[in-house]
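Please read the structure below before turning to the comments.
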Amino acid sequence: MLREVTQSELESFPSLEWSDISRCLTRGVQSSLEKVLETQDGAVLSLEQSYELANAAGDDLLGLLVAANMVRAELAGNIVTYVVNRNINFTNICFVGCKFCAFSRGPREADTYFLTLDEIGKRTKEAWELGATEVCIQGGLPRNLSKFHYRDILRAVKNAVPQMHIHAFSPMEIVYGVELTGMPLADYLSMLRDNGLGTLPGTAAEILDDEIRHILSANKLSTAQWIEVIRTAHRCGIRTTSTLMYGHTETPAHWVRQMRLLRDIQSETGGFTEFVPLGFVHQNTILFHQGLSRTGPTLAEHLKVHALARLLLASSINNIQVSWVKLNRQLSQLCLHAGANDYGGTLMEENISREAGATAGQYTSPEDFQSLILEIGRIPAERNTTYSKIHIKMPLDDLIAEQALEAEFA
Ligand code: SF4
């Protein structure tokens with residue numbers, strides 16, 4: 001019987017050395033972790049070995065976290081990136097009814113809103129003036145949306161600021177746009193691309209297993225549809241993120257299968273920019289109040305999912321993002337020690353997690369990100385959406401810290 005690790009052991013795992021913890025591991029876990037450390041490639045793990053890692057407990061869990069941090073240092077280095085962006089959730093009216101969502105409203109509820117195209121343009125301009133390089137646009141799905149509304153949003157943004165990168169529309173919104181226009185999926189995506197769509201969020205994935213999806217949201221797109229939208233977007237030259245929502249009704253086996261599926265898509269298309277684990281925020285959701293879910297992820301689960309992603313996706317998707325809006329300051333830093341290398345976006349007006357009960361705030365300034373990153377001895381850098389450009393943001397008086405970091409580069 002494996003012992004439970006305590007909260008304080010989990011909080012202090014970054015001080016553990018591999019040479020110490022590796023001696024305490026069960027044989028199977030030790031050999032799997034050594035294999036990934038040696039090859040820096042998650043493809044060396046069989047399905048069974050991956051399940052064993054996903055169920056790691058006690059010292060095995062601590063070993064998993066330490067190994068993930070080592071693989072992160074090899075594959076992503078010591079830099080932690082973030083993007084300066086603004087979230088624009090253009091409406092909260094939605095007919096889909098996902099039980100984990102506390103953001104959406106029925107059309108007759110008192111606090112609905114629908115931003116005009118002018119307002120979207122105005123918010124884009126403001127964001128640009130504040131240094132944003134990206135707008136992230138997603139919203140609810142209102143019935144009777146005008147046929148080409150998603151295209152018109154892109155035009156409004158580009159008219160306001162032609163240089164702004166547009167990261168927009170979940171696969172669910174894409175399926176809705178196809179339904180509204182009657183266009184074939186590839187033509188629809190190409191039309192959006194030609195009107196300024198830069199990248200697509202790989203959201204609406206939650207857990208890519210239809211049984212779980214049915215519990216979370218009976219009206220949501222199916223696993224097969226999600227995969228089809230993502231593959232087609234990649235083929236049309238539109239890169240996407242990839243996501244997984246954990247801490248509700250799923251099991252560790254679902255994490256493993258989803259990460260392996262993402263690996264398969266990546267080896268075919270190369271279109272994923274990053275993987276973003278999204279911790280379920282339960283407080284204000286129907287899913288939780290109907291007794292269908294647990295109370296969100298435990299500390300061990302938060303850390304384990306980030307570490308598992310780093311190991312299983314190694315050499316396939318090498319950017320693992322911490323979704324700071326779902327986590328507090330200290331937990332987001334711990335996840336950066338457990339395999340993650342990116343902080344996501346500054347967001348400026350985050351709404352979705354806040355409505356569900358998250359308390360991390362609606363905006364993290366670039367300066368806040370920089371100090372969070374420097375506090376854990378890593379190097380902050382602003383990136384663009386696709387990670388093709390980064391600017392190191394190391395204050396001059398931290399040069400001493402930079403020298404102290406050299407050992408980790410070696
Ligand atoms: S998650 Fe998206 S699709 Fe589902 S109810 Fe909320 S806004 Fe609608």
Could you check whether atom [atom1] of [X] has more than 12 heavy atoms from other residues, nucleotides or ligands sitting under 6.0 Å from it?
{"X": "Glu211", "atom1": "CD", "result": "no"}
{"X": "Lys158", "atom1": "NZ", "result": "yes"}
{"X": "Gln290", "atom1": "CD", "result": "yes"}
{"X": "Gln163", "atom1": "CD", "result": "yes"}
{"X": "His214", "atom1": "NE2", "result": "no"}

Within the structure provided, determine whether [X] and [Y] are in side-chain contact (heavy-atom separation under 4.5 Å).
{"X": "Thr223", "Y": "Trp226", "answer": "no"}
{"X": "Val80", "Y": "Arg378", "answer": "yes"}
{"X": "Phe100", "Y": "Ser293", "answer": "no"}
{"X": "Tyr113", "Y": "Phe90", "answer": "no"}
{"X": "Leu64", "Y": "Lys304", "answer": "yes"}

Residues [X] and [Y] bridged, charged N to O under 4.0 Å:
{"X": "Asp264", "Y": "Arg231", "value": "no"}
{"X": "Arg294", "Y": "Glu301", "value": "yes"}
{"X": "Lys35", "Y": "Asp41", "value": "no"}
{"X": "Arg383", "Y": "Asp342", "value": "yes"}
{"X": "Glu382", "Y": "Lys389", "value": "no"}
{"X": "Glu129", "Y": "Lys125", "value": "no"}
{"X": "Glu119", "Y": "Lys122", "value": "yes"}

Between [Y] and [X], is there a side-chain donor-acceptor contact under 3.5 Å, judged purely by atom types and distance?
{"X": "Thr199", "Y": "His167", "value": "yes"}
{"X": "Asp210", "Y": "Ser222", "value": "no"}
{"X": "Tyr343", "Y": "Ser332", "value": "yes"}
{"X": "Asn384", "Y": "Ser388", "value": "yes"}
{"X": "Thr269", "Y": "His234", "value": "yes"}
{"X": "Glu274", "Y": "Asn319", "value": "no"}
{"X": "Asn341", "Y": "Arg72", "value": "no"}
{"X": "Glu173", "Y": "Gln138", "value": "no"}
{"X": "Arg257", "Y": "Tyr51", "value": "yes"}

Could you tell me whether [X] and [Y] have their ring centroids closer than 6.0 angstrom?
{"X": "Tyr176", "Y": "Phe95", "result": "yes"}
{"X": "Phe114", "Y": "His149", "result": "yes"}
{"X": "Tyr246", "Y": "His254", "result": "no"}

[X] side-chain N/O to [Y] backbone N/O, donor-acceptor pair under 3.5 Å:
{"X": "Gln258", "Y": "Glu206", "answer": "yes"}
{"X": "Glu250", "Y": "His248", "answer": "yes"}
{"X": "His302", "Y": "Gly247", "answer": "no"}
{"X": "Asn85", "Y": "Leu347", "answer": "yes"}
{"X": "Arg213", "Y": "Lys220", "answer": "no"}

List the steps and the verdict of side chain to side chain donor-acceptor pair (under 3.5 Å) for Thr26 and Asp60.
-> CA-CA 7 Å; Thr26 56; Asp60 284 349; 2.7 Å; yes
Could you pull out all residues at least two apart from Arg27 that satisfy salt bridge (charged side-chain N to carboxylate O under 4.0 Å, His left out)?
-> none
With sequence neighbours left out, write down each residue that passes side-chain contact (heavy atoms from CB on, under 4.5 Å) with Ser323, or none if nothing qualifies.
->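 Per chain and number, Ser323 pairs via side-chain contact (heavy atoms from CB on, under 4.5 Å) with Val276, Leu278, Val325, Lys326.
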Any idea which heavy atoms bring Ile373 and Pro380 closest together, and the distance?
-> CG2-N, 3.6 Å
